[in-house]
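Only one structure is covered here, and it is reproduced in the block below.
Every heavy atom of this structure was used, including side-chain atoms; hydrogens, water molecules and symmetry mates were not. Note that the structure is predicted; figures quoted are calculated from it, not measured. Read the numbers this way: they start at 1 and go in the same order the structure lists the ligands and their atoms.
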Amino acid sequence: MREGNFEAVSVSVAGIAQAVDGALEQYGRDPTLLLQILRVTQAVLGYLPAAALTRVAAALGLPRARVEGVAGFYSFLHLQPVGRYRVLFSDNITDRMLGSAELMARLCNKLWLERGKMSEDGLVSVDTTSCTGLCDQGPALLVNDRVLTRLSAERVDRIAELIRAQTPVADWPADYFRVEDNIRRRDVLLGGDWLAGEAIRAALARGADSMLAEMKLSNLRGRGGAGFTTAIKWESARLAPCHGDQPMRYVVCNADEGEPGTFKDRVLLSSYADLVFDGMTVAGLTIGAAQGLLYLRGEYVYLLPALQANLAQRRRDGLLGRHVGGQPGFDFEIDIHVGAGAYVCGEETALLESLEGKRGVPRVRPPFPVTHGYLGQPTVVNNVETLCKAALIAQKGGAWFAGLGTKQSTGTKLLSISGDVENPGIYEYPFGVSVTQVLNDCGAGNAQAVQVSGASGLCLATQEFARRIAFEDVPTAGAFMVFGAHRDMFEVARNFAHFFAHESCGFCTPCRVGTSLVANFMDKIANGHGSQYEINEIFKIHRLLHVASHCGLGQAACNPLFDTLQKFRPAYERRLRSLDFEPAFDLDQALAAARQMTGRDDPGAHFGLQARVQEVQP
Ligand SMILES: Cc1cc2nc3c(=O)[nH]c(=O)nc-3n(C[C@H](O)[C@H](O)[C@H](O)COP(=O)(O)O)c2cc1C
Ligand code: SF4
């Protein structure tokens, strides 16, 4: 049975055994590869039947509960049947601004389907998923692991026809799956003239000590969000003792890119993969690691064949494997692990858990990954762009890199620009560029706000557009979502509130409960039942999440609400029914279905009205 061919498969006992055994043959009986084994099994069967979990558990020697726990954690793994065509609309705010909600309703309508439910014949299910990293060419959707871009009403109608005709996804028009790089501004990385392996040869010529010295000189800071100095991370891992019988160090490339509005890593992996792999190999040489692991988000699994072909070519070219670059004693391999729809797995310790085949729950820190990372060994975890920058530093030196950008934020930064702009796409700027400059370049005529660094970042209003993109002013992992004057900033914040409630891993109570409460408060306000009480509660939960959450997800979850409440208060206030308190539960509204069923809709059948009727009766 071919992976991803479940449109034509019925799940039988023999089929389950064949699918599981195929996955085990591909990955071996290694418990750290549990997520990969489950992913590949599901790609054949369409979902993970109980018998498949039992067979996997037995083969790997794991408790069945552990296997089910992992399968239940990731939103792209299903314990119940889903449609043979599984359609997931990207639900980022930029997709919504491009009409994704209306397009999803249209598809459901055409297919006579309720969102979130499978059709009775098991043919199709339609739902939403968090940002798919295609904001520059949305609205976008995933269908059975493939991404579709630039959706329109016509395209959606045609998709409904293709599904009804049971046309295999592989035979749908190729143009539907076209993903463009949309590179709009190039600087030293995107415009550089480098060749595969050049960075490795330069690093080998320097030697590990000098390479580390160049990294220090460069003052490169991580591009994944936190901005930690890369050389310190590399040096710590290099100096940390290895543990156990199989001493190893690891280099992990964080390609989870789940932050809403971010898609620059997608472009680097699509068109600059050699630079990413060169950077990983340079890191391996510098810290003394023999193994690299690239964690690719599940939404980007369509990139996997090309990435694997690239790795195979590099092996043939002597850029991977034994004696890399002809250097005796320097062996380095790279494997790719694919995620399965969990934003929290971008957090580096959750990512390590996921790489080890577990639920992606962030670890308690310290110890930090540099001393106790993958399988307890010293590990550097770096963002895709950070590793590309390291490859450039290997070639051109730390002083050259430090000469770009600002003193505290050296080099350039890739921005993923989307929203109300004429030219969405990837823009590379030296750090220090002003927000106004970026807005002018991308054709944002009437911006009222920019959400920098995704849902967990900063919402800037017009009076702040003179600020600069740099760690010392406006730090960013890369997202730059622009909102025109006609946009409702309350709805922007509500979308982010739902994103965090959906993505909370549930490990700690403040985040698990707080993010859901906040999403409910935002819905209550949206439905016209909000009051000052809800606003006060949001502020309270914001403070609580900041101090009591276990990881960065919870700590940042209320940031967009806090910012928009400070800067776009009227967008909230015009929805508030009273400045006091409104009950969350609308009893009269809840009884609407009962009134419809009984055919009784007189004033006495309404709660509020009944009270008023009684008041006027003698
Ligand atoms: C909830 C959450 C999600 C994250 N997602 C990503 C991600 O998708 N990619 C990434 O590089 N870093 C992400 N990070 C930051 C990582 O934890 C880590 O700081 C980063 O990978 C380190 O790489 P760098 O030093 O090269 O920036 C995330 C952090 C949190 C708290
Ligand atoms: S803060 Fe949220 S995402 Fe992070 S560990 Fe706690 S529940 Fe999970």
Kindly indicate whether a cation-pi arrangement holds for R365 with F368, taking the cut-offs as under 6.0 Å to the six-membered ring centre and within 45° of the axis.
no
For N382, the ligand 1 atoms whose distance to one of its heavy atoms is below 4.0 Å
23 (O), 24 (P), 25 (O), 26 (O)
Under 4.0 angstrom from ligand 1, any heavy atom of E257?
yes
Determine, for K413 against D187, whether the closest basic-nitrogen to carboxylate-oxygen distance falls under 4.0 angstrom.
no
Is it the side chain, the backbone, both or neither of T386 that has a heavy atom closer than 4.0 Å to ligand 1?
side chain
Tell me whether R221 forms a cation-pi arrangement with F471, defined as NZ or CZ under 6.0 Å from the six-membered ring centre and within 45 degrees of its axis.
yes
May I ask you to check whether F480 and Y427 place their ring centres under 6.0 Å from each other?
no
Before signing off on this row, confirm whether G552 and ligand 1 have an N or O atom pair separated by under 3.5 Å.
no
For G258, counting its heavy atoms only, list the atoms of ligand 1 lying under 4.0 Å from any of them.
8 (O)
Taking atom types as modelled and ignoring hydrogens, do the side chains of Y374 and Q291 form a donor-acceptor contact shorter than 3.5 angstrom?
no
I need the nearest protein heavy-atom contact for atom 22 (C) of ligand 1: residue, atom name and distance, please.
K233 NZ, 3.3 Å
With a 6.0 Å cut-off on ring centres, are F177 and Y302 close enough?
no
Tell me whether the count of non-hydrogen atoms from other residues, nucleotides or ligands lying under 6.0 Å of NE2 in H502 goes above 12.
no
Salt bridge (charged side-chain N to carboxylate O under 4.0 Å, His left out) assessment of R363 paired with E356:
CA-CA 12 Å; R363 294 177 180 171; E356 292 180 8; 2.8 Å; yes
Ligand-residue contact atoms, ligand 1 with G222, heavy atoms, under 4.0 Å
24 (P), 25 (O), 26 (O), 27 (O)
Run the numbers on S130 and E503 for side-chain hydrogen bond (donor to acceptor under 3.5 Å, both in side chains), then give the verdict.
CA-CA 8 Å; S130 297; E503 296 295 341; 2.6 Å; yes
Going by the order shown, which atoms of ligand 1 are within less than 4.0 Å of some heavy atom of D256?
8 (O)
Start with the C-alpha gap between F562 and H542, add the side-chain angles, then the distance that decides, and say whether ring pair (Phe, Tyr, Trp, His ring centres under 6.0 Å) holds.
CA-CA 7 Å; F562 184 78; H542 173 63; 4.4 Å; yes
Below 4.0 angstrom, N of the basic side chain to O of the carboxylate: do R238 and E235 qualify?
no
Should you measure from each heavy atom of R223, which atoms of ligand 1 turn up under 4.0 Å away?
26 (O), 27 (O)
Closest approach of any protein heavy atom to atom 29 (C) of ligand 1, naming residue and atom:
E347 CA, 3.7 Å
How far is atom 13 (C) of ligand 1 from its nearest protein heavy atom, and which residue and atom name does that atom have?
G346 O, 3.2 Å
Kindly give the heavy-atom pair with the smallest separation between T410 and F431, and that separation in Å.
O-CD1, 3.6 Å
Is there a side-chain hydrogen bond (donor to acceptor under 3.5 Å, both in side chains) between N254 and N382 once you walk through the steps?
CA-CA 6 Å; N254 187 342; N382 276 131; over 6 Å; no
Which one of L351, L220, N383 has a non-hydrogen atom at the shortest distance from atom 23 (O) of ligand 1?
N383
Starting from atom 18 (C) of ligand 1, what is the nearest protein heavy atom, named by residue and atom, and what distance separates them?
E348 OE1, 3.7 Å
In the protein, which heavy atom is nearest to atom 10 (C) of ligand 1, and how far is it?
N254 ND2, 3.1 Å
If you count every protein N, O or S atom closer than 2.8 Å to atom 6 (Fe) of ligand 2, you should arrive at 1
Among all protein non-hydrogen atoms, which one is nearest to atom 27 (O) of ligand 1, and what is the separation to 0.1 Å?
G224 N, 2.7 Å
